[in-house]
Amino acid sequence: MTGKIVLGIESSCDETGVGVVRVDPAGELELLADEVASSVELHARFGGVVPEVASRAHLEAIVPTMRRALTAGGIELSDVDAIAVTCGPGLAGALLVGVAAAKAYAAALDVPLYGVNHLAGHVAADTLEHGRLPAQCLALLVSGGHSQLLRVDDLAGKITEIGSTIDDAAGEAYDKVARVLGLPYPGGPPIDKAARQGDPNAIAFPRGMTGPRDAKFDFSFSGLKTAVARWVEARERDGEPVPVNDVTASFQEAVADVLTAKAVRAAIELGIGTLVISGGVAANSRLSTLAGQRCAEAGIELRVPRPRLCTDNGAMIAAVGAHLVAAGVAPSSLDLSATPALPVHTVSV
Amino acid sequence: MLVLALDTATPSVTAGVVELAAGQPTVLAERGSVDARAHGELLTPYAREALAEAGTGMRELDALVCGIGPGPFTGLRAGMVTAAALGHALGLPVYPVCSLDAIAAGVPDPDPLLVVTDARRREVYWASYAAGARTGGPHVESPATLVARELGIGRAAGHGARLYAEALGFVEIPPAYPSPAGLVRAAGAPLAGGEPPGALTPLYLRRPDAAEPGTRKRVSQP
Ligand SMILES: [Zn+2]
């Protein structure tokens with residue numbers, strides 16, 4: 001068996017993930033296992049992730065998830081050549097569980113440890129499906145926790161944020177709008193489903209941060225969320241039925257419009273020919289359709305990993321680790337700690 | 001039998017290598033420091049340093065012992081997940097020990113005593129002991145509630161006894177924190193006899209802070 005086996009551990013939010021990736025001497029990756037234990041159902045009745053509930057679930061899940069990943073990948077712990085772990089950004093208590101576990105595995109197996117950036121993981125997820133990235137690409141990360149535009153020059157070391165949300169993450173806006181409409185948490189799937197039956201042009205919801213004086217590549221979803229709530233409340237006050245399908249379709253259109261318009265504009269202005277969209281919201285049907293149309297018109301290659309790789313998982317962290325191993329980057333120290341506000345330009349610590 | 005003992009249920013980060021022979025623990029090397037915010041950072045390096053000082057390594061170990069609290073959640077989990085991962089990676093049993101029991105096991109004489117540790121939020125974790133066995137607890141409550149129980153025990157080990165000395169009024173006795181020898185002693189017969197360990201389940205004693213949302217707040221003025 002040629003190449004090196006890299007194990008990836010993810011625990012930054014509500015998914016406990018362990019992934020196994022093989023990297024060959026040429027730097028090509030092969031996904032061997034991707035196991036996730038989710039605590040999302042434990043948070044549903046609270047309408048959002050409860051950090052302590054997530055941390056408790058990580059402690060329970062981490063060794064069983066590790067065992068499943070090893071079995072699925074057909075490997076033994078003694079086959080592992082390196083361990084990568086999300087050390088930030090994320091929830092402090094949740095991150096700590098994965099980081100402490102990774103350190104213990106690395107010490108017990110006597111293999112190098114790489115503390116890596118979760119956001120780099122979302123970009124690296126695409127290399128597991130579509131192979132190596134071009135020398136330069138743009139990444140749009142959209143999930144319940146992040147909404148960012150990144151310029152990726154080197155997955156093993158050079159990632160630059162060129163825009164981000166100034167308030168809510170896109171996925172957060174989905175959760176809040178779902179709550180306004182009485183739809184379940186998390187809001188993404190039920191809104192996407194209802195929106196397919198609705199008219200995306202029925203209601204003209206605002207496009208945040210698109211004025212002439214607004215930052216070109218930043219996002220804002222707080223105003224949109226409030227506009228939807230006001231619109232729904234006005235209907236309720238007038239005793240009229242709320243057209244859920246049209247509200248969700250129009251809301252979703254506003255989100256997808258702003259995200260894709262800004263991403264394509266950034267790619268054109270920066271002269272970058274490839275756009276990667278990743279994160280939980282990347283699975284949204286309208287976002288991928290609109291991104292596909294606009295990228296095609298602008299002659300930009302669009303890459304979106306399959307939904308399973310878009311949401312938080314350990315394989316994407318193993319992928320970053322594999323790129324670091326391939327690039328010969330020095331591993332982290334065993335006194336590595338979780339860094340909840342790790343900036344995106346720090347790919348590994 | 002060579003044992004690695006770990007505990008992060010108190011502000012102390014504790015790791016020690018202990019030789020257990022004929023039921024008697026001998027500490028070969030230990031590392032510890034009182035830094036409640038660095039449990040996750042320091043524990044694995046401490047374990048490696050203690051093993052190196054003892055002239056041994058991870059692969060020579062026969063068993064692990066881990067404090068399972070009660071303790072403030074984040075720090076407690078750092079030790080427990082470290083022990084669980086080491087146990088898995090090395091193929092070793094991990095013996096759970098109530099961290100208060102480990103402190104009590106560091107007190108040499110058998111007279112009744114309390115062990116009191118800091119639970120934050122102006123509360124303490126406590127348990128009572130007599131003749132080397134736990135007689136009450138572990139509980140989490142305010143120092144005043146503990147005093148009002150009138151247990152008739154006048155002395156207390158654990159750093160909580162010092163922290164709330166005024167409110168509790170107990171005679172403080174050492175140790176303040178779990179020690180590797182205390183952890184191994186408290187693991188008792190199952191460890192010494194090589195019996196299968198119990199479940200590695202944390203003693204949180206408190207539910208997570210989480211409120212279910214009430215009725216939705218309106219954003220527009222009525
Ligand atoms: Zn994420």
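Each chain gets a letter, A, B and so on, in the order the sequences are listed, and its residues count up from 1.
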Novice: Give a yes or no on whether R235(A) atom CZ has more than 12 heavy-atom contacts from other residues, nucleotides or ligands under 6.0 Å away.
Specialist: yes
Novice: Taking every heavy-atom pair that is under 4.5 Å apart, which of L42(B), L43(B), L86(B) has the most such pairs with chain A?
Specialist: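 Most heavy-atom pairs within the cutoff with chain A belong to L86(B).
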Novice: Should we count CG of D35(B) as having more than 12 external heavy atoms under 6.0 Å?
Specialist: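 Yes, the 6.0 Å shell around CG holds more than 12 heavy atoms from other groups.
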Novice: Answer yes or no: does atom CZ of R120(B) have more than 12 heavy-atom neighbours from other residues, nucleotides or ligands under 6.0 Å?
Specialist: no
Novice: Rounded to the nearest 0.5 Å, what separates atom CG in L59(A) from atom OG1 in T201(B)?
Specialist: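 Going from CG on L59(A) over to OG1 on T201(B), the span is 9.0 Å.
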Novice: Determine whether L200(B) and E60(A) satisfy the following criterion, side chain to side chain contact (heavy atoms under 4.5 Å, CB included), listing intermediate values before the conclusion.
Specialist: CA-CA 9 Å; L200(B) 198 63; E60(A) 279 178 38; over 6 Å; no
Novice: If every non-hydrogen atom of A108(A) is compared with every non-hydrogen atom of A89(B), which pair is closest and at what distance?
Specialist: CB-CB, 3.5 Å
Novice: Before accepting this row, confirm whether a basic side-chain N of the pair R77(B)/E52(A) lies closer than 4.0 Å to the acidic partner's carboxylate O.
Specialist: yes
Novice: Is chain B contacted by the side chain of V99(A), its backbone, both, or neither, given a heavy-atom distance below 4.5 Å?
Specialist: neither
Novice: Please rank L77(A), V80(A), I62(A) by heavy-atom pairs under 4.5 Å with chain B and give me the top one.
Specialist: L77(A)
Novice: If I measure from the heavy atoms of chain B, does L334(A) come under 4.5 Å with its side chain, its backbone, both, or neither?
Specialist: both
Novice: Relative to chain A, which segment of T44(B) carries a heavy atom at a distance below 4.5 Å: side chain, backbone, both, or neither?
Specialist: side chain
Novice: Using a cut-off of under 4.5 Å for heavy-atom pairs, which of S55(A), S337(A), G47(A) has the most such pairs with chain B?
Specialist: S55(A)
Novice: Just do the side chain to side chain contact (heavy atoms under 4.5 Å, CB included) check on H58(A) and V81(B) with the steps written out, would you?
Specialist: CA-CA 9 Å; H58(A) 285 307; V81(B) 77; over 6 Å; no
Novice: With a 4.5 angstrom heavy-atom cut-off, could you sort out which part of R207(B) is near chain A: side chain, backbone, both or neither?
Specialist: backbone
Novice: Nearest 0.5 Å, please: how far is CZ in R56(A) from OH in Y204(B)?
Specialist: 5.5 Å
Novice: What's the shortest heavy-atom distance between E41(B) and D335(A), and which atoms?
Specialist: CG-O, 2.9 Å
Novice: Where on L70(A) is there a heavy atom nearer than 4.5 Å to chain B: the side chain, the backbone, both, or neither?
Specialist: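 Looking at L70(A), just its side chain touches chain B.
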Novice: Where do A85(B) and A104(A) come nearest, in terms of heavy atoms and distance?
Specialist: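 Between these two residues, the closest heavy atoms are CB-CB, 3.7 Å.
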Novice: If you draw a 6.0 Å radius around CD in E240(A), do more than 12 non-hydrogen atoms from other residues or ligands fall strictly inside?
Specialist: yes
Novice: For R68(A), does the CZ atom sit with more than 12 other heavy atoms under 6.0 Å from it, leaving out its own atoms?
Specialist: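 Yes, enclosed.
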Novice: Looking only at heavy atoms, which two atoms of K103(A) and G40(B) are closest? And how far apart?
Specialist: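 The answer is NZ-O, 2.7 Å.
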Novice: What's the separation between atom NE2 in H88(B) and atom CZ in R67(A), rounded to the nearest 0.5 Å?
Specialist: 4.0 Å
